[in-house]
Structures are given as structure tokens and as C-alpha cells.
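Data first, discussion second: the structure below is written as C-alpha cells.
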Amino acid sequence: MPEPARQKPSQFQRSTPLGTVAAPGTYGRTDAGAPGVIFRERRDIALASVVCHRKRQEALSQALTESFGLDLPGPGRSATAGDLSLLFAGLDRWTAVSEGEDGPALLHRLAEALGDTAGLADQSHGLCVIEMRGPRILDVLAKGTAADMHPDAFPVGASIATGINHLAVHLWRQDEACVRITLLRSFARDLFEFLATMSLEYGYGVES
Amino acid sequence: MRIPCPLCGDRDSGEFTYLGDATVRRPPADETDLEPWFEFVYLRDNPKGWHKELWHHGQGCRAWVAVERDTLTHEVFGSQLARERAIAEDERA
Amino acid sequence: MSQDFRLAEGGLIDRERHLHFKFDGRRYTGFAGDSLAAALLANGVRLVGRSFKYHRPRGVVTCGSNEPNALVELRTGARKAPNMPATTIELYEGLVASSQNRWPSVNFDLLSVNNILAPVFVAGFYYKTFMWPASWWEPVYERFIRRAAGLGRASGAPDPDRYERANLHCDVLVVGGGPAGLAAALTAGRAGARVVICDEGPRLGGSLLSERIRLNGEAGWRWAGEAALELAGLPNVRVMTGTTVFGYYDHNTLGAVERVGEKGPRPPEHMPRERMWHIDAGQVVIAAGALERPIVFTNNDLPGVMLASAARGYVNRYAVRPGSRAVVFGNNEDIYATADDLTAGGVEVVGVVDSRAKAAQSSSHPVYQAQRVVRALGWRSVTGVELGDGTKLNCDLVAVAGGWNPAVHLSSQTGVRPVWNSEAAAFLPGEPRQAEASVGAAAGYFATSDALDTGAAAGKAAAEARGRKAKIADLPVAEEPRHGGLEALWYVPGRDKRSFIDLQHDVTVSDVKLAEREGYRSVEHMKRYTTLGMATDQGKTANIPGLAILAEARGQDIPEVGTTVFRPPYTPVSLGVFAGYNRQQNFQPVRRSPLHEWGEAHGAVFMEAGPWMRIQAFPRDGEDIMAATNREVEATRRSVGMCDVSTLGRIDLQGPDVAEFLNRLYCNGWKTLPVGKARYGLMLREDGIVFDDGTTSRLGENHYLMTTTTGQAPLVMTHMEYCHQVLWPELDVTFVSVSDQWAGVAVAGPKSRAVLQKVFPEADLSNEAFPFLAAGEFDLGGLPARLFRITFSGELGYELNVPADYGPAVADMILEAGEEFGITPYGLEALDVMRIEKGHVTHADLDGRVTAADAGFGKMMSTKKDYIGRRLAERPAFSEARRPRFVGLRPVDRNSRLHAGAHLLPQGTTDSIEHDEGYISSAAYSPTLGHWIALGFLANGHERLGEVVRMVDLVRGLEVPVEVVSQHFVDPEGERQNA
Amino acid sequence: MRYSIGRLLHQALRGHRDWPEAWRSPEPKAEYDVIIVGGGGHGLATAFYLAKVHGITNVAVLEKGYLGGGNVGRNTTIVRANYMLPGNERFYAHSLKLWESLSQELNFNVMFSQRGVLNLAHSDAQVDAFARRGNSMRLHGEDAELLDPEEIRRMVPCLDLDNARFPVYGGLLQRRAGNARHDAVAWGFARGADRLGVDIIENCEVTSIHREGGRVTGVDTTRGAIKAAKIGLAVAGHTSKLAEMAGLRLPIESHLLQAFVSEAVKPVIDQVVTFAAGHFYISQSDKGGLVFGASLDGYNSYAARGNLPAVEHTIEAAMSLMPVVGRLRLLRHWGGIMDMSMDGSPIIDKTPVEGLYLNGGWCYGGFKATPGSGWSFAYTIARDEVHETNSGLRLDRFRSGHLLDEEASGPVPNLH
Ligand SMILES: Cc1cc2nc3c(=O)[nH]c(=O)nc-3n(C[C@H](O)[C@H](O)[C@H](O)COP(=O)(O)OP(=O)(O)OC[C@H]3O[C@@H](n4cnc5c(N)ncnc54)[C@H](O)[C@@H]3O)c2cc1C
Ligand SMILES: NC(=O)c1ccc[n+]([C@@H]2O[C@H](COP(=O)([O-])OP(=O)(O)OC[C@H]3O[C@@H](n4cnc5c(N)ncnc54)[C@H](O)[C@@H]3O)[C@@H](O)[C@H]2O)c1
Ligand SMILES: Cc1cc2nc3c(=O)[nH]c(=O)nc-3n(C[C@H](O)[C@H](O)[C@H](O)COP(=O)(O)O)c2cc1C
Ligand SMILES: [Zn+2]
């Protein structure tokens, strides 16, 4: 694992998957008061995939606890300690999420801690995080995903991999009022356009 | 249809792709006779009734899942991670 | 026009809200709460359409979704929808509808001559004629039949409204909001279960809205209203009116359609017209009620003949008199309640014709006991009836009560056959196959109190099955007119040719008998031969009488004959709502490269490539794609070009067993690849056919990066997961797709090194330090960048990967660095031309039928190891001499154009398949060579270099002599790429 | 009684009293020269041609349910001969020729309508692939035309070509292709075979196949044992089950394919149109219903009953290019059980068991094959050898590698 570059890539302008498509403003039905959904593209988050090596789950789990005070979350769950969260993402697979550092830094931190228990890859650019807040988010999501969005089935802290309108996504219920959708950046614009259309009847806002 | 994923729980079949019969076995690497390879790739029991089959949870945990299902009624009896089954068989062998 | 047939009081309508509407161009008014059928009847409009085959005048028969007859075109222009039952259309201000299948008008329809020809147009007549002369079938006979067939007309314009789909999960789904459904929903809802209750009507209540039923001493609809209010107040209950559960699928998943935006001329702003619900239900309670059936007699299709329940419904629910003088005819007690309700509604009941030997109750109406209506009289609508004893009664309304069929549709859709119950003289739901129960009238419990009881019990059981503690809801005390006492009667013999079973398809008693006589005596044959039950109402009123008549003709019992198969949807569902959002441009998701906007900004033209939008070319002022492509190729080969290759699949592999894993996946060997190097690899399918190709680089001791083709990337990933999880779990590898993490830019051409050297001033990119197939990680102004010396164009070339968000900035940086060399961005077309010039294969050549040997890769196939596809690639057919092999082709006359898809035949042969020797898989104009070139597969082609064959392209009308050459048109020795 | 307009008018005056049964319902005999298992299109056609061409009339067709109740009675009725691979094309070309005179041959109007089948291409590469196929067809002497988008726009005005996710780059048209009335095909062959002396026995399920010394001797059925030295299997979706009775495993899986019909409306679309982007095909029946279908539900199944996702995928495809159908309504959807072979192409051949003949692997393309299949299968049964028309449709091709993989998707049946 190479050292993260010390120099910050300030000379390069960073683009985002949603770019100009998600222009700030309010849209759709407006006569019903506050918008039902607020969208925000989160580009200030570092993400990395953590794939456990064969027969190393215990070691991985231990390393996580020791280094970060994190319990390896089971299927459908997430775990958070400080600014680092670990989301269940699939068979042997988790996504590490951290606010306040960049991908290479996160990757480096993980590599130091986890050693050869897991294969790691920076996904900070490959994945797009769309944050949804507001009273109607579950109604909007139900128009796309066949997974049960009821609080009993998708409580705070839940982290599931599913599909929205033919696209593979990952849903993380961060708190009562917020669900984060993570998906491949190449499909992000398509998904956003879909979600926005499905939100028209509730009115929606886009924040930057 | 709802497919029970051992990791994700019951999910809509639209999240999966289907491969087929989970009971066929790839011949050992050193098998040089063509016949077992032909049977592995081409011949199927194609039962009317109980069937063990592979589904891939592609819009989900990406696990290959061996599902037991009735091909006449579509009733599902249970499922298992294909990997676990493969390991178990390996150990038995 | 005034509403002459509206009662002065009563009905569940809002007399304060007058609604104006138009039917066949004439203006009428009705009230809020009316259906279109109710409003038409209130205005005395009884003739609403013409029948399918004979163009006979037709009126309203039911007051629900089982309507076979009163079908109209609703709305105009692009929003026009044909064949809509007037009985289910909620009236709204400004509604416009018209009758259909008539010309010029519903009152005077020229095609009613068909009625005269009816003796010829019997069931299946077309199978026996129109065969001579044979050439006339399509242009003459069929054209005529097609014009005549079909009821309404499609709008002819794209549907302007939006549709959507949504998912619902619940413990208990209750289908139907009559007394049974309400009792079930209340019981399960109060127990805290997640309950969904759907009713196709605009409000809950079912029969309580249209029948004279009292609950706890009050009108039943009041109790229904209270129950609905309570349900709406429970947070765990969702009430969905205007929502039809149309399909019952596997594992307790159901489809329902909610009519969201149908209550006006167009959907409200931001709202869809309809919404499709996928319901995943723990338990299903089917409380869908029962459908009344007619008794068939001669001329029973005249406007004014309707079901008794409909006649009661129009009086009770809509305060409409469906006629002035009524005859009530039936085989059970319902006729007396009907007569009472009609009388209360101001209709004079001139006779109650009771087919049974004796009545169970006395009646104040004139009763004709043990009598039958043998025919209806009248021309455009009914003017009277004739009884078996010759008695004639004048009337303008005949209310017919033939008994009830439980709505077994949903319970039968799961593949369960309904079971005949001779007591009820009806089919009841069969033994459920899923977690479901039918209750109330749907299960043959026709009394309201039984409906309430069975509903509540099922609601309790369903909630308990979902782990809730439930207790039966307090149920109201029901009082209602007497039901039952049925003595089955299906039809009254008469003029069978004028006795209609299926009103919409004009199927008569004589049609069924003819089918039987001709051997179409299985109920399924009869259905298909006569088309009985195949119209939009799917025989809701016709099927059971039809099979009863068939049974009689066969001399068998009804259960021996059986029913036809029940299929979704319960009632017809708009095609638009099934597609939801995914139509036209939104048919399938669009995948975009991180350089998409960058491309737009630089004038790129895009093309579809599977899910991707990819840059086709960068045309400059006035250039067409071909001109732009030629310029891009020339510039790249002369100096330097750059291209977006972000879409390639990238899979990051780590672990001690990666090399072994690659060894088993690819047909070539991987054990010797050093760190810092890339290698070309070829993957086969297990059947020995080429699956995918790409380069894999070794980034570290246990760290590899695989690239795949754009199109196959998702399949390769799934395949690798299969191999790892199912075949070789013993291998310690982890792998994850990083395709989207990286933006990829190919920089190619003699000056590419010079450009990249400017980008990486500190790196040593000399041929010695970074030769062909080198791979390395570099720092790019703080960015982790990956550089690979690989090329598809055959030029000296590199692929640079940087974190995706920085793709545009880095692309601009490269453009800037390359400016002094005239760097030219190029698109997929130019890339394709260059790879054809170089003789590289793509999916166009490796089409899924080609083996590695066919494509000239035979030498890559290792003989030292097992790999996917090794053994079946050894099958005899794959090594036959005549097997087409990969070659290059060029036109003998250099001005000729070559085409992919053309075939290759030897010279001096005719254009016939036995001379076919191969085909062209890729063709391009080569600006480098100044003529067209092609790649293709030719029988034993690798041994025929120099031979001239014919390119035969019959569908494009071309024949061109071509010379067989090596596929490496440009730089065959690889001097450029290795430079 | 022959069918004709004269007879029809005559009977109209007599209340249609004298029409005889279209086919008899005889009791099974103890023994036949040939037993055909399966009273679908192929079984009935085989019996017809055995009698008509080969003079073998001591034949029974055994059908477990009602005649024509299998796939012949539930398909989208497309008839075409637009294949690329010679092994297929020469067979289907022959079949199409038989279709052209079938109504007259059977004296039963099967309403074969040569309205043209148009395949739409959604990329230049697909146009080239269509050209390759069209050239194959032309080399076989069949008709094929490559159309450009403007020609398509004129020919099929209900397509919305300007707002498509996958634009139309061209199309391959076979004018002689079209559709036919599915039930009439089964009934016409049944009536034709019956008139030549074939016994058609409904409600008679074959439950086992008798073998002695490596050759067949007869079958057990729900209506008793029946002997025959030659047995032809034409049971479509149940092919594996019958083969199993004779100890054979086949390169076949049974899958579910759904079909759809809308309410009847006045003419909207005059051709059969297929979209490659969604595996979708549509035409309008003479009655006015839009009849359409797409791909399999995707899992092994013997239930002629499908699920909602496949319904939605199909209709998404319809709405991708024909948004005019949005307000038309779906009337009914149903399923059939497909005998999906491992390369997507059929098998008409002898088997390792002497006297047992196999007709199967039709996937979703066997309706158009009906006359050709019956003709070739009859030949193979009568002569105990394959005819040139079915010489590519051999059972051993999977072992030898002479595959007929038109879709090029490999040995994964649900991808064909
Ligand atoms: C939805 C759908 C759409 C299709 N669309 C087309 C199309 O557009 N064009 C096209 O060319 N093809 C199409 N097909 C395919 C075509 O219908 C079939 O390939 C063809 O009908 C199969 O041959 P058949 O008619 O003999 O089969 P079937 O009609 O299925 O006949 C087989 C018969 O065997 C009987 N049987 C099974 N087991 C036994 C037993 N043990 N004993 C006795 N009898 C038995 C069955 O009951 C059945 O009647 C479609 C199929 C479906 C389901
Ligand atoms: N006179 C008689 O002999 C007789 C016969 C039958 C029923 N009834 C009366 O009918 C009532 C029976 O009560 P019940 O609750 O069983 O039936 P119901 O007819 O009162 O209610 C059924 C409800 O289900 C709805 N529905 C049907 N199919 C649906 C679907 N697929 N999706 C959504 N909604 C659907 C209908 O619109 C209706 O509102 C009693 O009041 C009884 O008196 C009387
Ligand atoms: C070409 C074709 C057109 C059809 N048209 C109609 C139709 O207009 N109305 C209808 O109810 N069913 C129609 N069907 C479907 C049949 O009713 C029936 O569902 C199908 O043949 C399968 O049989 P099953 O449902 O009895 O299993 C049609 C079927 C086919 C194959
Ligand atoms: Zn899963």
C-alpha cells in the first residue's frame, strides 16, 4: 500500500457525479408547505471497500475493535465509532465511511490497522453518496426499491444492499430523518433524476 | 417471487439473476475425458418439482445462493450460501 | 337536459355539486358521486354502444367493474382511452365520452347489417372460408376482418401522462372493502398488524353502499363510513380506495393499480395518472364479494335488460330510476328485494317472474310463479317481455337475478382450481396454496352477518399468524332482505341465435351448441372457438352460464365441464402503469463516464453502448462523423490523440492466490507476471467460446488490477464471483470492482510520451524504464495516478487512470500539455478504426460463437493447467478445417466500400448458401491506408492469404472482390507500440 | 364435410345443424404402428404428414389434456424464417413454404397472414449483425430487406422513434413472414390427421415408456397400456420428463415464457415488430388485441403462470418505442412452458433408444416450425433417418460442438 500523497491535489478542480444536474432550489409541489424531501450530494466523505480474506473474519473483527473501537457489523447493519462507520455491504464485504479525510488517508489508516486481514480499495470517487432528508423519504424510496422501508424492517443504523429502479444501491439509515444512498457514480445522475421525479408530488429541495 | 437470501433475508426476485441447476458439479481439474465436461455443461435433470438452483444476489450482497424451490408450484423451501455448501462438500471429499 | 330519472332524494351523491359532462357530443349534468353510467341513466340515456360483431344496440347491464356492455371512449385527443366501462368511471366536471363501434352514430349504425348476416357469422365461420383464392386472404379478407374487429380506437398519440410504481409490505392485505373486508381490516388493524385494505371503488363499503342493508339499526353505509374513519386513523393501517388488486402472484406478492389522477380531465400537477403497487403480503384476506349472474333468454341484450343487483344499485346508491316500468325475473329470493327497492325508487313493478316452483315469501307485487321470461321485446331498447305461457308484459326495464358467483378470480390465479358447490350452485375458492383466506361473499357467505363474521375471524387469524395478539372486533347487528332459495336456471330456450351469453363478444347459446356439435366440447375449446369470456370483462357475467349451457349440451354436470383458467388482471390495467417511469428515454438507466460533461464541453457527439453513453467523435464545424473520425485517426497516428476509456471494467484483486485464480480464469498463464507489468488475457466460457479479453496488471506482490471490456464488465464480475464462491472457495483472493473509481484516458500516438512526460515531469517514461506493457503508480500533483503502457490503437500509447472526480481536470491538463503537438481528442469511432487497422478484436468479432483458435489465439491456450473452457474447446467441430478463421480483407479495387455483415464466397460461384465461406465482422475506412479494410472470418482463412474472394452483401445490393490479407494492416511488427 | 363458402351459406340456412365433429374421440387401440406423444402443433402435424406423405395411418396422438392446450395454444403466433445459421435457416425456410399453402392443404383457414416481420436494430453494430443474418437468408433463397430508419418510420407510424432510449438505426424485414391463428393450426392439423385415419386421444397422459433390449415397445397411459414399435415425442415443455421415462438426460431446461393481450381496438399496427433492445415483439390479432411478449421469467418452471417483474419488463419495452399504447389496457397474461435447449435451437432426431424419436428444444420459436417440424419428424420416424431439412438439428451436436447458437449466449438456456 503506497503512502498517501502528502501534497493535497489543490491544483485540480474536483467534479462531482451529479454536477450541474442537482442544482440547488425547490421543485415540484410547493403549495403543501415545506418540501417532503431534501437531497444533498455528499462529496466530503471518504469511502473504502473492505473485503475480508478467507478465514480471517475473526482477525478482522479483532483488528477493528482494537484500532477503532468498532464492532464488525453483521448483515443489514452498520457500526459507528467517532467519525468512522462501517457498513455491511455484502458477502465478506463492508464499506468504511469517514468524514473529514480523503480516500487515500482513509485507505492508509485502514491498511495500517487491518494488515492482511482484508483487501482494501478506495471508493471515494467510484461511489456517489446521495443524502435524503425529510418526512417523505420512505415514500419516495418505496417507489424504487422492493426492500421493506418500514422502520421495523429498516431501523436507524440499518445498512442494506438492494436495488432502486434497476440500479444496485446501498441504503444506510443514518438516523430517523436521513437515509444515505450509495451507488456507482456512473449511474448517480440517472438515479437522481428518477428520485427527483418520484418526489415531485411531495415537493423537493436540493441543497449543495 | 421472494427469494430468501441467507444474508439479506427475503428479497424480491428482481434483485437476483438466475443461473440454474445447483447440483451439477464441475469435474476435477485433471479430468481429461470429454464426457463428464459435456454432462456438466449441457445435461440437466430438469425436474418437475423439487429443484436446487443457483441465484446470484446481484442487486444485494452479491452472494451466490443455492435455493431449493418447487418448479411446479414455485414454493421455496430454503436456501444456503453456495460457498458454504461448496466448502462442506470439499471437506467431505 | 334535466335528470328526469333522478329520484328526489336518497343516494350517496352530493346534490350540491352539479357536474357537467358530454356524451356523444351532447351536454348533460350529473352529481358528484355518480358514475358515468348512473349519470347517463339519470338523464334517460340507455343506448350507449354497439356490440362487437353484430352491432346490436347495447345499454348498461351492471353497476360495477363486471360491465360487459356499456363501454365508451373516455376523453379526447392524446388522453383518449377506449373501452372504458361507464359503470366504473367516476363522473367529474367536464368529462367527455363517446360511444364506440358504430358508424355514423350509435342510433343509426350502418354496420348493423352484420346483424342480418348473423346466421353466417357464427362461431368459427372464418375457419371454414376465406381460403379461395389463397392470395386474397391477406389483402382482402383479413383487411376487412381487421377493420371490422376491435371496439374502440386508440388515441394514436403518445400517452401524455406519467405513471409510477411503488412497493408496499404488510402483514395483512385485505382485498375488498365490503362488510367482510371491513371486519377483517378492523380486527387485524386493532391488533396492531400492518394492514392494507384496497377497494376498487371510490369509497369503502362494498354492498353496503348499494343494498338496503341496516347495521345496528342504521343504513349500512353509515357503519361503513365509521369503520373507514377508524381505519384511516390507525397508523398501522393503509386504506387504498380506487385501487384494484388485479393479480395474485407467487409468494404472496400481488399487483394493485391505484387510479390517482383519473378524477378529472387530466391528473393534477405533479401527480401520476395511475400508480402500480407491488404488495408483499404476509397474509391475504380476499373479501372481493360476489358477482351476480344473468339468466340467458332471447333478446336479453336489449338496452333496459340489466342485472337485478344493478337495478337496486342505481336506485339505492345513485338515486336513479333505471326505468319506469319494470319486470323482475329470477330464480332466487333476490327478485323480491329488487321489486321492493324498485318500487321504493318510484319504478312501477309490473311483474315479478319467479322461475321457481314456489316462492318462500309472500309479496305485494304481481308475481308470475313458475314462469320464465322467454324473450324480451323491442327494437332499440326493451319494450316488454314475453313469458313462457305467452303472457306479454309491457316494461322498459328487465331486472334479472340468476344467482351469485363468488369472486374466485384472485384465489384461482395462484394456480388453484375453484371447486363447485352444488348448494350454492357456484364455484367456491379451492384449497389455498398460499397464506390466504377468502371470506364473505367471495367464499360463498352471502349474508351480511356471515360476511362480517368470516371477515373478522380471518382478520384475527391473519394477525395472529403474523405474531400479533388479536381479538374479534365488535360487529354490528345486520338486518337485510332475505336472500338465497336459489333453484338454478341458466337459460330459457328460445331463439338461441338471439340469446346472448357473452354480450361483449356477441356469443349466443347457438354458438355454444354449435361448438359442442363440432367437437369443440372441452370448455377450453368452446371458449376459444366461440371467444366466450375473452372480451375485456373476461366473462365475469358470461362464463358460468356459458359452461352451464355447454354442460347441458354435453349431458354432463357443471363440475365435470369445469371452468376455464383464471388469469390476471382481474380487470384490465393500463399498459402505461406497468412500465411506470421506465418508458421512452427512461426505458433503461443511462451510465455516464466521469468525462461525460467534459466531452460535452469539447463538442463530443455521444452514442449508446449498452447502458453507457459514449463519445462517438468530436466533430468540428460542419464535419460529419466520418470526416471527424478520419481527422481524429490521422492526427493520432501522426502526432498524438486522447480518448476517454473510463468505461472499461476494472477489478481490483488482492491476496496470495490471485495468480492461481487468474490462471484458472484466463486461458493463458499468469504465474510469471512480474510486479509492474501488464499482460493481455483471454477468458473463455466453459463451453470453450471466447468470453472476454483485457489486460491485467500486477501492481504489487499480492495486488492485481484486471481490466475487462466495457460491455462485459458486469458479467465478468458475476462470473468471477461464481468461480470463487461456487467452484474454488479454497482460493484466498478478494476482489472488488473499482471501475467507477477511476477516470481513464488513453493517450496515443508518436508524441504521447512527450505529452505524458510533461504531465509527469519527475517520472522516467523512457522506453527502457517504462516499456510496452509496463504498469506503475505515480503521483500526479498529489493525486494517486496509475499509468499503463498499453494501447488498443497500435500506436505508442498509454492509459492513465486518476480518481474519477479529477478526470475532467486531468483531461484538460493533458490537452494543455499536448497543445504544442496538436493533441486531438478522439472518440469511439476513431478508436474502432485504429484497432481494425491494427487487427485487434472486439466484441464485434468475438460474437459469442468464436473460439480462441478461430480468432487466432490458439497459441495462447495453455496446455499446462486447467482453466474455464479448456476441455470443451477441444470438441471436434472446433478443429474442422473449414472452420472460419480470423483474417484481414481489402478490396481489390481500392475504391470499393466494405461492409460488416457481408458474406464471403469464392470467386466463380453463385450466390447460394452452399458456397458460403464466412463473413465480415468489422469494416472501416482506413485514413492511414486510404481505402476500406475489413476483418472477418473465412473458412480456413489463415491459410488463404493472397486469395481473392467475393464480398457478397445482398441486402445492401453489393458485390466486391476482396483480397485475403493479414489482419495487421498497420504496423504488423509492432514497431510503433514498442517505440 | 369440406369447408367452403358455399357450404357455409348452405348451413347458415339450416341453422348449422349438419357440421360434423372436426375430429373423432376414439377409444385407444391396443397397438399402433406409431405413437406420437403430445397433441400440440408438432405432434398433430407429425401425425398428419405421416399419414399424408408416408401413408402411415395406424397412428395415435396421445394428449394428456385437451388438444392444442399446450404452447401451440398460448404463443404469440409469429411465423418467420429469418435465421442466420444454415442448420436453422434451411429448416425454417422449408417450414415457411409449407405455411404458404397450409390453409388449402388442410381445408381449414389457419389465417396465415404474411404481414411481414420487422426486427429493429438499435446500433450500427446491430444493423451489421442483421445484415449478416439477412445475407444468410438471401443466400438460402429467402426474402430479406435491410430498412433504414426513415423507411421504418413510414411503415410503422405508431413507433415513436424520436424519444427512444435506444434509437432505431435500421431494421431487417422479412415480408413473407407474419403470423397465424394459433388454435386453428392445432385444430386444422387435428381435423386433417383425423380424416386420414389417425386416432387423436385426448385426456391420455403417457406415464411410462416400455423398452425391451434397447428398443421401445409401447407406453403406459392414464387410459391404459398401448403398444407401438415407434414412438415420437413432441411434448415441448415436458420433453425432459418423457426422455427420462426412456432413461435419457437432455440438454434442455423447462422455462416459463409469458404472453400478453390487450383489449381489442381498431388497427394500430400492421406488421409484426420486434425490438432487439428489449427482446420484445408485438403484433395485432385479427380480433384487435395487441399480442406481445418478451423474454423468459428466467427460472426453471413447469407452471404455466408467471410473475410481475417479467410483465413489467415486457411492457417497459413496449412503452420504450410505442408510448401510444400507454392508455390501452392489458386484458390477460398467461404463460407457457418452454423446452429451452442449451444452444437455443431445436432437436429433431433419432435417439440412442431404438424406435424412440425426439422432437424438442423449441424454445420460444416452435410455432413457426409447426408444419416443417411435423414434416421432418414424420420423415425421420417413417424412414428412420434425418432429412436434409433437419440435418442440422441433431442431438449429438452439443457433444461434437456443431452448435446452433443464434443468440450467441452460450449454454445458459434462460439467456437465449
Ligand atoms: C408465450 C409463448 C410465446 C411463443 N411465441 C412464439 C412465436 O411467436 N413464434 C413461434 O414460432 N413460437 C412461439 N412460441 C413457441 C411455440 O409455441 C412452441 O415452440 C410450440 O408450440 C411447441 O410445439 P407444440 O405445439 O407441439 O407444443 P405444445 O402445444 O406444448 O404440445 C405439447 C403437448 O404435449 C402434451 N404432453 C406433455 N406431456 C405429455 C404426456 N406425458 N402425455 C401426453 N401428452 C403430453 C402437452 O399437454 C401438450 O399439449 C411461444 C411459446 C409461448 C409459451
Ligand atoms: N343478495 C345476495 O344473495 C347477496 C349475494 C352476494 C353478496 N351479497 C351482499 O354482499 C355483501 C357481502 O359482503 P362482502 O364484503 O363479502 O362483499 P362486498 O360485495 O360487499 O364487497 C366486496 C368489495 O370488494 C371490492 N373488490 C372486488 N374485487 C376487488 C379487487 N380485485 N380489488 C379491489 N377491490 C375489489 C368490490 O368493489 C367491493 O367493494 C353482504 O352485504 C351481502 O348481503 C348479497
Ligand atoms: C394470439 C393470442 C391471442 C389471444 N387473445 C385473447 C383475447 O383476445 N382475449 C382473451 O381473453 N384471451 C386471449 N388469449 C389468451 C387465452 O385466453 C389464454 O389465456 C391462452 O391461450 C393460454 O391459456 P390458459 O390461460 O387457458 O392457460 C389469446 C391468446 C393468444 C395466444
Ligand atoms: Zn443477499
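Proximity to chain C is limited to the side chain of D:M84, based on heavy atoms less than 4.5 angstrom apart. With a 4.5 Å cut-off on non-hydrogen atoms, D:D183 touches chain C through its side chain but not through its backbone. Proximity to chain C (any heavy atom under 4.5 Å) is shown, for D:S101, by neither the backbone nor the side chain. Within the 4.5 angstrom heavy-atom criterion, atoms from both the backbone and the side chain of D:A317 approach chain C. Proximity to chain D is limited to the side chain of C:Q538, based on heavy atoms less than 4.5 angstrom apart. Contacts of C:A609 with chain D are absent, with no heavy-atom separation under 4.5 Å from either backbone or side chain. The contact between D:E407 and chain C is made entirely by backbone atoms, counting heavy-atom distances below 4.5 Å. Using a 4.5 Å cut-off between heavy atoms, C:M276 touches chain D through its side chain atoms alone. For C:I689, no part lies under 4.5 angstrom from a heavy atom of chain D. When heavy atoms are compared at a cutoff of 4.5 Å, D:A164 approaches chain C solely by way of its backbone atoms N, CA, C and O. In this structure, chain D has no heavy atom under 4.5 Å from any part of C:R143. At a 4.5 Å heavy-atom cutoff, D:D343 makes no contact with chain C through either its backbone or its side chain. Interface remark: C:Y127 contributes backbone and side-chain atoms alike to the contact with chain D (heavy atom separation under 4.5 Å). For a residue to count as touching a neighbouring chain, one of its non-hydrogen atoms must lie under 4.5 Å from one of that chain's; by this rule C:V120 touches chain D with backbone and side chain alike. Contact of D:L308 with chain C is made through backbone and side chain together, with heavy-atom distances under 4.5 Å. C:A157 touches chain D through its backbone: at least one of N, CA, C or O sits under 4.5 Å from a heavy atom, while the side chain does not. Residue C:A148 touches chain D through its backbone alone, counting heavy-atom pairs closer than 4.5 Å. Looking at C:H505, only its side chain comes within 4.5 Å of chain D, counting heavy atoms on both sides. Using a 4.5 Å cut-off between heavy atoms, D:I269 touches chain C through its backbone atoms (N, CA, C, O) alone. Looking at D:F112, the atoms closer than 4.5 Å to chain C (heavy atoms on both sides) all sit in the backbone: N, CA, C or O. Using a 4.5 Å cut-off between heavy atoms, D:A303 makes no contact with chain C at all. With a 4.5 Å cut-off on non-hydrogen atoms, D:L9 touches chain C through its side chain but not through its backbone. Contacts of D:P86 with chain C are made by side-chain atoms alone, with heavy-atom separations under 4.5 Å and no backbone atom involved. For a residue to count as touching a neighbouring chain, one of its non-hydrogen atoms must lie under 4.5 Å from one of that chain's; by this rule C:I920 does not touch chain D. Contacts of C:Q588 with chain D are made by both backbone and side-chain atoms, with heavy-atom separations under 4.5 Å. Neither the backbone nor the side chain of D:R191 has a heavy atom closer than 4.5 Å to any heavy atom of chain C. Contact of C:Y163 with chain D is made through the side chain alone, with heavy-atom distances under 4.5 Å.
With sequence neighbours left out, D:F292 forms a ring-ring contact (aromatic ring centres under 6.0 Å, His included) with D:F260, D:F280.
Of all the listed residues (C:R273, C:E686, C:K497), the one sharing the greatest number of non-hydrogen pairs under 4.5 Å with chain D is C:R273. Your options are C:W137, C:F121, C:F130, C:F578, and the one with the most heavy-atom pairs under 4.5 Å with chain D is C:W137. Counting heavy-atom pairs closer than 4.5 Å to chain C, the top residue among D:E263, D:M322, D:E145 is D:E263. Across D:S103, D:G134, D:A144, D:S113, the residue that shares the most heavy-atom pairs under 4.5 angstrom with chain C is D:S113. Considering only heavy-atom pairs separated by less than 4.5 Å from chain D, the leading option among C:N101, C:T536, C:D250 is C:D250. No other option in C:Q100, C:K80, C:R165, C:H899 has as many heavy-atom pairs under 4.5 Å with chain D as C:R165. When each of C:A78, C:P158, C:G519 is checked for heavy-atom pairs under 4.5 Å with chain D, C:P158 comes out on top. Of the listed residues C:H903, C:R153, C:H251, the one with more heavy-atom pairs under 4.5 angstrom with chain D than any other is C:H903.
Aromatic ring pairs are classed by plane angle as parallel below 30°, tilted from 30° to 60° and perpendicular above 60°; the pair D:W187 and C:Y529 is perpendicular. Taking the six-membered ring where tryptophan is involved, the planes of C:H525 and D:Y66 are perpendicular, since the angle between them exceeds 60° and thus also 30°.
Using a 4.5 Å heavy-atom cutoff, the side chains of C:P568 and D:H333 are in contact.
The two residues C:A900 and D:A131 have their closest heavy-atom pair at O-CB, 4.3 Å.
Checking side-chain atoms of D:R90 against main-chain N and O of C:I913 turns up no donor-acceptor pair under 3.5 Å. In this structure, the side chain of D:R327 does not engage the main chain of C:P160 through any donor-acceptor pair within 3.5 Å. Judged purely by atom type and a 3.5 angstrom limit, D:K266 has no side-chain atom pairing as donor or acceptor with the backbone of C:R146. Without hydrogens or angle criteria, D:N135 side chain to C:L954 main chain gives a donor-acceptor distance under 3.5 Å. Between the C:R875 side chain and the D:F398 main chain, a donor and an acceptor come within less than 3.5 Å of each other. For the pair D:H16 (side chain) and C:P119 (backbone), a donor-acceptor distance under 3.5 Å is present. Using a distance-only test at 3.5 Å, with no hydrogens or angles considered, no donor-acceptor pair links the side chain of C:R567 to the main chain of D:R332. Counting only distance, with no hydrogens or angles, the side chain of C:E142 and the backbone of D:D286 share no donor-acceptor pair below 3.5 Å.
The stretch residues 571-585 of chain C participates, sequence neighbours left out, in no salt bridge (charged side-chain N to carboxylate O under 4.0 Å, His left out) pair at all.
If you look at D:W23 and C:Y520, their ring centroids are closer than 6.0 Å.
In this structure, the separation between CG on C:D847 and CZ on D:R132 is 5.0 Å, given to the nearest 0.5 Å.
Of the charged side-chain nitrogens involved, none lies within less than 4.0 Å of a carboxylate oxygen, so that C:D953 and D:R138 do not count as a salt-bridged pair. Contact check on C:R849 versus D:D405 returns no salt bridge, with no Lys/Arg side-chain nitrogen under 4.0 Å from an Asp/Glu carboxylate oxygen.
Remark: the C:Y126 side chain and the D:R181 side chain contain no N/O donor-acceptor pair separated by less than 3.5 Å.
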Could you give me the CA-CA distance, side-chain angles and deciding distance for D:H402 and C:E880, then say whether side-chain hydrogen bond (donor to acceptor under 3.5 Å, both in side chains) is met? CA-CA 10 Å; D:H402 293 97; C:E880 283 173 2; 2.7 Å; yes
